[in-house]
Visitor: 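Have a look at this one before I ask anything.
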Amino acid sequence: MHFWRKGLAVAATAVYATTLAACGNGSSSDGGSSSGKVVVTIYRPGDPLDNQTEMMKIVNKEIQKTYPKIELQIKPISWGDYSSKFNVMLASGEPFDLAFAQDYVAASQKGAYADMTELIQKYAKKAYNEVDPAYWKGVKVDGKIYGFPTNANVFSQELFVFNGTYTKKYNIDVSGVTSLQSATDAMAQFHKADKSVTPMAIVSGYRAPTPGWEYPLSNGYPFVIDESGKDTKVQNPYNLAVMRKNLATLHDWYEKGYIPRDAATSTTQYTLGDDTWFGRIETNGPFDYGNTALLGARGGKPLESAVIAKPFKKTSDTQMAMYAISKSSKHKKEAMQVLNAINTNKKIINTMVWGIEGKQWEFTDKANGKIKTLKGYNDKTHYGAWMTGNNKNLYTLDTVTAAQIKERDEAIKNTPESATLGFTPSLTKYKTELTNIANVMSKYINVINTGTGDPVPTIEKMNAELKTAGWDKVRDELQKQYDDFRADK
């Protein structure tokens, strides 16, 4: 979902203050348990579930059918705290077995994560074979694998989403929308009809669409590469014609009142289920079954969407949700066996993602893996599918049709790989330049991307400061590494 990328999975997650120590669950420091089993721990972002104890009994029973000497414990850390606490763990060298990976490439290059390349082949070969091959290209760092990816949306496509409540109420036709520019008439119609609701839900952190271009670092740094491979030069996205065009449109919308006046600094939450917005940018992927996931997050209220960028299987999607093993873990073998179980045992992943059968969900067609959720299903009774395990092993809601599943599989098969898939540059020698560039971007990035500032003069000022900060030096190194990557490929 663009800068709200994880919104579907976590938008309703409340902040729960917790500490690493509070997640101990009574296990000893060496991973032993009173039962004599090897305790494998997983740190992952999110709140403790209301049904976690019952869930883990089922999960461990299934794990122990294959690995009788292993016991899994999940140690949740709130989303608000996860990044900082996990970084403290990495910096201090605190051992852990498994964790939802942060700063995957940088941490791997620094040696924080265990090399999984051989471990996967020894202890998780079945799980490995069931993952889309594009993932294994995308997660390799210097030819090695340091994280096990969640087989889910191996590609994502950018959407312009309209609030169906308002398109119907004001009879606004959005069927011809294919870009920001072609949405201007709809924005104007809505703003004229209703001044009480925000036409375009844009806040601080929003990034304007750059269809066809991938950020090899992150979209916080001004470096992009053509996904199609036709152009092989590392470029500044803010100098691209397509970016300038979109920024000009956003500035026009801002001037006309379609974008909030405080967008550059606002942290307002335009929740999908609320009718506080008319238009927004989101993303979906094949396992979202068209608008199904968005409609679910919207509570069933109507919406209309239009694809505004051709999808590619790219590195950022393959690294979206990964689990790493600490280099200092004493249970690397067992940790890999746990990953194998989670990613191959249907009962495990469906219990984690849907909750307890009979309480959170029930079968409507067991033979075909069709279910419906029950009253007990809510955000505190399940984990997000996008960050848990192989989504191909999930039961599907009975509202998802066979045609949608076929369309999903065909889309995964036919979507091309980005020319940059697997390009993971190392810039450890350029920390000063990257820090300087980040400082420059912090001054301009929200002003430019939210339409607040006139893009042309603002970008000119930014580019001058980027040059002083060392943009050319970093670009040259990225170019060299990308040329080497292409040659090897």
Visitor: Could you go through L247 and I459, starting from their C-alpha distance and side-chain angles, then the distance that decides it, and tell me whether this counts as side-chain contact (heavy atoms from CB on, under 4.5 Å)?
Guide: CA-CA 10 Å; L247 292 173; I459 290 171; 3.8 Å; yes
Visitor: Could you check whether atom CD of Q181 has more than 12 heavy atoms from other residues, nucleotides or ligands sitting under 6.0 Å from it?
Guide: yes
Visitor: If you measure from the Lys or Arg side-chain nitrogens to the Asp or Glu carboxylate oxygens, is any gap between K256 and D252 under 4.0 Å?
Guide: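 Salt bridge between K256 and D252, a charged N being under 4.0 Å from a carboxylate O: yes.
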Visitor: My understanding is that only one of Y43, F100, F96 makes a ring pair (Phe, Tyr, Trp, His ring centres under 6.0 Å) with F86; could you say which?
Guide: F96
Visitor: If every non-hydrogen atom of N343 is compared with every non-hydrogen atom of N390, which pair is closest and at what distance?
Guide: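 Here N343 and N390 meet closest at OD1-N, 3.1 Å.
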Visitor: Can you confirm if the aromatic rings of W277 and Y166 lie within a centre distance of less than 6.0 Å?
Guide: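 No: the rings miss the under 6.0 Å criterion.
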Visitor: Determine, for Y383 and R44, whether the Lys NZ or Arg CZ falls below 6.0 Å from the six-membered ring centre while staying within 45 degrees of the axis.
Guide: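 Geometry flag: set, cation within 6.0 Å and 45°.
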Visitor: More than 12 heavy atoms of other residues, nucleotides or ligands under 6.0 Å from CG of N171: is that the case?
Guide: no
Visitor: Has the side chain of Y104 got a donor or acceptor atom that lies under 3.5 Å from a matching backbone atom of Y146?
Guide: yes
Visitor: Classify the side-chain pair Y444/N463 by whether it contains a donor and acceptor separated by less than 3.5 Å.
Guide: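 Not at all, the side chains of Y444 and N463 share no donor-acceptor pair under 3.5 Å.
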Visitor: Determine yes or no for a side-chain-to-main-chain donor-acceptor pair under 3.5 angstrom, with T458 supplying the side chain and P455 the backbone.
Guide: no
Visitor: Verify the neighbour count for atom NZ of K301: are there more than 12 heavy atoms of other residues, nucleotides or ligands below 6.0 Å?
Guide: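 Yes, enclosed.
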Visitor: Checking side chain to side chain contact (heavy atoms under 4.5 Å, CB included) against T364, which of T399, D398, L397, I371 comes through?
Guide: D398
Visitor: Ignoring hydrogens and angles, tell me if any N or O in the side chain of N446 forms a donor-acceptor pair with the backbone of G205 under 3.5 Å.
Guide: yes
Visitor: Do K370 and T396 pair up side chain to side chain, a donor and an acceptor below 3.5 Å, judged on atom types alone?
Guide: yes
Visitor: For the side chain to side chain donor-acceptor pair (under 3.5 Å) test, which of Q360, K380, H382 pairs with N51?
Guide: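 It is Q360, the one option of Q360, K380, H382 that forms the side chain to side chain donor-acceptor pair (under 3.5 Å) with N51.
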Visitor: Test H191 against every option in F278, Y170, Y258 by the ring pair (Phe, Tyr, Trp, His ring centres under 6.0 Å) rule and name the one that passes.
Guide: Y258
Visitor: Where do I308 and P209 come nearest, in terms of heavy atoms and distance?
Guide: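 Smallest heavy-atom distance, with atoms named: CD1-CG, 4.2 Å.
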Visitor: Ignoring hydrogens and angles, tell me if any N or O in the side chain of S179 forms a donor-acceptor pair with the backbone of S182 under 3.5 Å.
Guide: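 Between the backbone of S182 and the side chain of S179 there is a qualifying donor-acceptor contact (under 3.5 Å).
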Visitor: Decide whether T184 and W253 meet the rule of one side-chain donor and one side-chain acceptor closer than 3.5 Å.
Guide: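 Side-chain D/A pair, T184 to W253: present.
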Visitor: When the ring planes of F160 and F162 are compared, do they come out parallel, tilted or perpendicular, using 30° and 60° as the limits?
Guide: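 Plane angle under 30°, so parallel.
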Visitor: Would you say the side-chain atoms of D81 and S78 include a donor-acceptor pair closer than 3.5 Å?
Guide: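 D81 vs S78: donor-acceptor pair found between side chains.
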Visitor: Taking the six-membered ring of Y254 (Phe, Tyr or Trp), confirm whether the NZ or CZ of R261 is under 6.0 Å from its centre and within 45° of its axis.
Guide: yes
Visitor: Is the distance between the ring centroids of F148 and W136 under 6.0 Å?
Guide: yes
Visitor: Out of T271, D274, D275, which one pairs with R298 under the side chain to side chain donor-acceptor pair (under 3.5 Å) rule?
Guide: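 Of all the options given, the one that passes is D275.
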Visitor: Has the side chain of N350 got a donor or acceptor atom that lies under 3.5 Å from a matching backbone atom of Y395?
Guide: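 Yes, N350 side chain to Y395 backbone: donor-acceptor pair under 3.5 Å.
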Visitor: So which heavy atom on V139 is nearest to which on M322, and how close?
Guide: CG1-CE, 3.4 Å
Visitor: Given S418, which partner from the list E214, K314, E227 fulfils the side chain to side chain donor-acceptor pair (under 3.5 Å) test?
Guide: E214
Visitor: Could you tell me whether K392 and E130 have a side-chain N and a carboxylate O separated by less than 4.0 Å?
Guide: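 Judged by the 4.0 Å cut-off on N to carboxylate O distance, K392 and E130 do not form a salt bridge.
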Visitor: Considering only NZ, NE, NH1 and NH2 on the basic side and carboxylate oxygens on the acidic side, decide whether D132 and K413 come within less than 4.0 Å.
Guide: no
